[in-house]
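What's counted below: heavy atoms across the whole structure, side chains too, no hydrogens, waters or symmetry copies.
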Amino acid sequence: MISCKSQREIALMQESGRIIGLLFKEIKQYIVPGVSTQEIDEKCESIIRREGGIPASKGYYGFPGATCVSVNETIVHGIPSKHIYLREGDIVTIDVVVKKNGYCADAARTFPVGIISEKAKKLLDTTKESWWYASQFIKAGNHLGDISHAIQEYCESRGYSIIRDYTGHGIGREMHEDPSIPNYGNAGTGVVLQEGMALAIEPMIAEGKPQVRVLGDGWTAKMKDGKLSCHYENTVIVTKDGFLALTLEEEEKN
């Protein structure tokens, strides 16, 4: 069942989103060669708790981290580890869900580690650009498939693969709510967007083939061909004329 949020609920979700935007701004200085993914996770958790939030991923079906920290060919659900160190030229995704006052916000960013290749930079840019290209279709009266199709069209036309094993989702009191939001599909199909819907929209794309494999830990999802992958996500509220993005850094809002 898809719920539309009240103004009170939206305000509570905005606070959770504010924490995520602040986290992304502050964590950049720690994403450097030689830092472990566990150190990054610990810093993220300290920011969340300092701001009065709860890292909703921690303990979720047994997941041990406050965030998912995924390096290079790991597309999602990378478990923070003291044994995984960032290296010059890597790319690393931080996927974080914050819950405060009973409501969640969810977002992901893929960051460069030091100086990265032009090829990797193009992947990062395309993933982010696909989100913003698709955002023009986030509006009451449009279809969910309009967003999904736009992401697919943008990325595949530039030579990238769409990950089909994982999707975006509704969000609110729970981390994952209806509807599911694939990054592929047909325009004019699916649920009709209504004011107050809260959606976590998250393009996930790869340089090579779209197939993934999950490691024995039950979480870490890697590209089967070992090629680079990228993830960009924001939580939004559907409005009459567009959307309200909850998880941007202050600088991104201007």
Among all residues two or more places apart in sequence or in another chain, which pass the salt bridge (charged side-chain N to carboxylate O under 4.0 Å, His left out) test with [X]?
{"X": "Lys227", "answer": "none"}
{"X": "Arg50", "answer": "Glu26"}
{"X": "Lys100", "answer": "Glu15"}

Counting the benzene-type ring for Trp, do Tyr60 and His176 have ring centres under 6.0 Å apart? yes

Assert yes or no for the condition that the ring centre distance of Tyr166 to His77 is strictly below 6.0 Å.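 Yes, ring centres under 6.0 Å apart.
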
Under 3.5 Å, is there a donor on one side chain and an acceptor on the other for [X] and [Y]?
{"X": "Thr93", "Y": "Ser70", "result": "no"}
{"X": "Glu129", "Y": "Thr126", "result": "no"}
{"X": "Arg173", "Y": "Tyr103", "result": "yes"}

Side chain to side chain donor-acceptor pair (under 3.5 Å) against [X], all qualifying residues, sequence neighbours excluded:
{"X": "Glu177", "value": "Lys5"}
{"X": "Ser130", "value": "none"}
{"X": "Glu42", "value": "Gln38"}

Is the backbone N or O of [Y] less than 3.5 Å from a side-chain atom of [X], with the two atoms forming a donor-acceptor pair by type?
{"X": "Asp125", "Y": "Lys128", "result": "no"}
{"X": "Asn142", "Y": "Phe137", "result": "yes"}
{"X": "Asn234", "Y": "Ala245", "result": "no"}
{"X": "Asp178", "Y": "Met1", "result": "yes"}

Between [X] and [Y], which heavy-atom pair has the shortest distance, and what is it?
{"X": "Pro179", "Y": "Leu199", "answer": "CD-CD2, 4.0 Å"}
{"X": "Ile27", "Y": "Lys43", "answer": "CD1-CG, 3.6 Å"}
{"X": "Phe63", "Y": "Cys68", "answer": "CZ-SG, 3.7 Å"}
{"X": "Val113", "Y": "Val32", "answer": "CG1-C, 3.9 Å"}
{"X": "Arg213", "Y": "Leu215", "answer": "NH1-CD2, 3.1 Å"}
{"X": "Ile162", "Y": "Cys155", "answer": "CD1-CB, 3.8 Å"}

If you measure from [atom1] on [X] to [atom2] on [Y], what distance do you get to the nearest 0.5 Å?
{"X": "Ile91", "Y": "Ile31", "atom1": "CD1", "atom2": "CD1", "value": "12.0 Å"}
{"X": "Ile147", "Y": "Gln136", "atom1": "CD1", "atom2": "CD", "value": "10.5 Å"}
{"X": "Glu174", "Y": "Cys104", "atom1": "CD", "atom2": "SG", "value": "7.0 Å"}
{"X": "Ile201", "Y": "Ile181", "atom1": "CD1", "atom2": "CD1", "value": "5.0 Å"}
{"X": "Glu233", "Y": "Thr110", "atom1": "CD", "atom2": "OG1", "value": "10.5 Å"}
{"X": "Ile138", "Y": "Asp241", "atom1": "CD1", "atom2": "CG", "value": "13.5 Å"}

Which pairs pass salt bridge (charged side-chain N to carboxylate O under 4.0 Å, His left out) with one or both residues in residues 51-78, sequence neighbours excluded?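 Residue pairs with at least one partner in residues 51-78: Arg18-Glu51, Glu45-Lys58, Glu73-Lys222.
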
Mind checking what makes side-chain contact (heavy atoms from CB on, under 4.5 Å) contact with [X], not counting sequence neighbours?
{"X": "Glu153", "value": "Tyr133, His149"}
{"X": "Ser6", "value": "Arg8, Glu9"}
{"X": "Asn186", "value": "Thr189"}
{"X": "Thr235", "value": "Met13, Ala105, Asp106, Ile171, Ala200, Leu246, Thr247"}

Do [X] and [Y] have side-chain heavy atoms sitting under 4.5 Å apart?
{"X": "Met175", "Y": "Lys99", "result": "no"}
{"X": "Cys4", "Y": "Met197", "result": "yes"}
{"X": "Lys122", "Y": "Tyr160", "result": "yes"}
{"X": "Ile94", "Y": "Phe111", "result": "yes"}
{"X": "Ile163", "Y": "Asn183", "result": "no"}
{"X": "Arg49", "Y": "Pro55", "result": "yes"}
{"X": "Ile237", "Y": "Glu195", "result": "no"}
{"X": "Ser148", "Y": "Tyr184", "result": "no"}

Given side chain to side chain contact (heavy atoms under 4.5 Å, CB included), test Leu244 with Val236 step by step and report yes or no. CA-CA 5 Å; Leu244 172 66; Val236 303; over 6 Å; no

Hydrophobic cluster identity match, [X] and [Y], side-chain contacts under 4.5 Å:
{"X": "Val69", "Y": "Trp219", "answer": "no"}
{"X": "Val92", "Y": "Val97", "answer": "no"}
{"X": "Leu228", "Y": "Val76", "answer": "no"}
{"X": "Tyr232", "Y": "Val96", "answer": "no"}
{"X": "Leu124", "Y": "Ile151", "answer": "yes"}

Could you go through residues 78-89 and list every donor-acceptor pair under 3.5 Å that involves a side-chain atom there, pairing it with any protein atom two or more places apart or in another chain?
residue	atom	partner	partner atom	Å
Ser81	OG	His83	N	2.9
Tyr85	OH	Lys82	O	3.2
Glu88	OE2	Ile115	N	2.7

Ile205/Ser229 under side chain to side chain contact (heavy atoms under 4.5 Å, CB included): CA gap, chis, key distance, verdict: CA-CA 6 Å; Ile205 71 173; Ser229 58; over 6 Å; no

Could you go through the side chain to side chain contact (heavy atoms under 4.5 Å, CB included) check for Met223 and Ile75 one step at a time? CA-CA 7 Å; Met223 304 312 302; Ile75 180 62; 4.0 Å; yes

Going through the distances and angles, do Glu202 and His231 end up as a side chain to side chain contact (heavy atoms under 4.5 Å, CB included)? CA-CA 7 Å; Glu202 46 183 318; His231 185 188; 2.7 Å; yes

Answer yes when Glu249 and Lys28 have at least one side-chain N-carboxylate O distance shorter than 4.0 Å, and no when they do not. yes

Once the angle between the rings of Trp132 and Phe243 is folded into 0 to 90°, is it parallel (under 30°), tilted (30 to 60°) or perpendicular (over 60°)?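 Rings of Trp132 and Phe243: tilted, 30 to 60°.
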
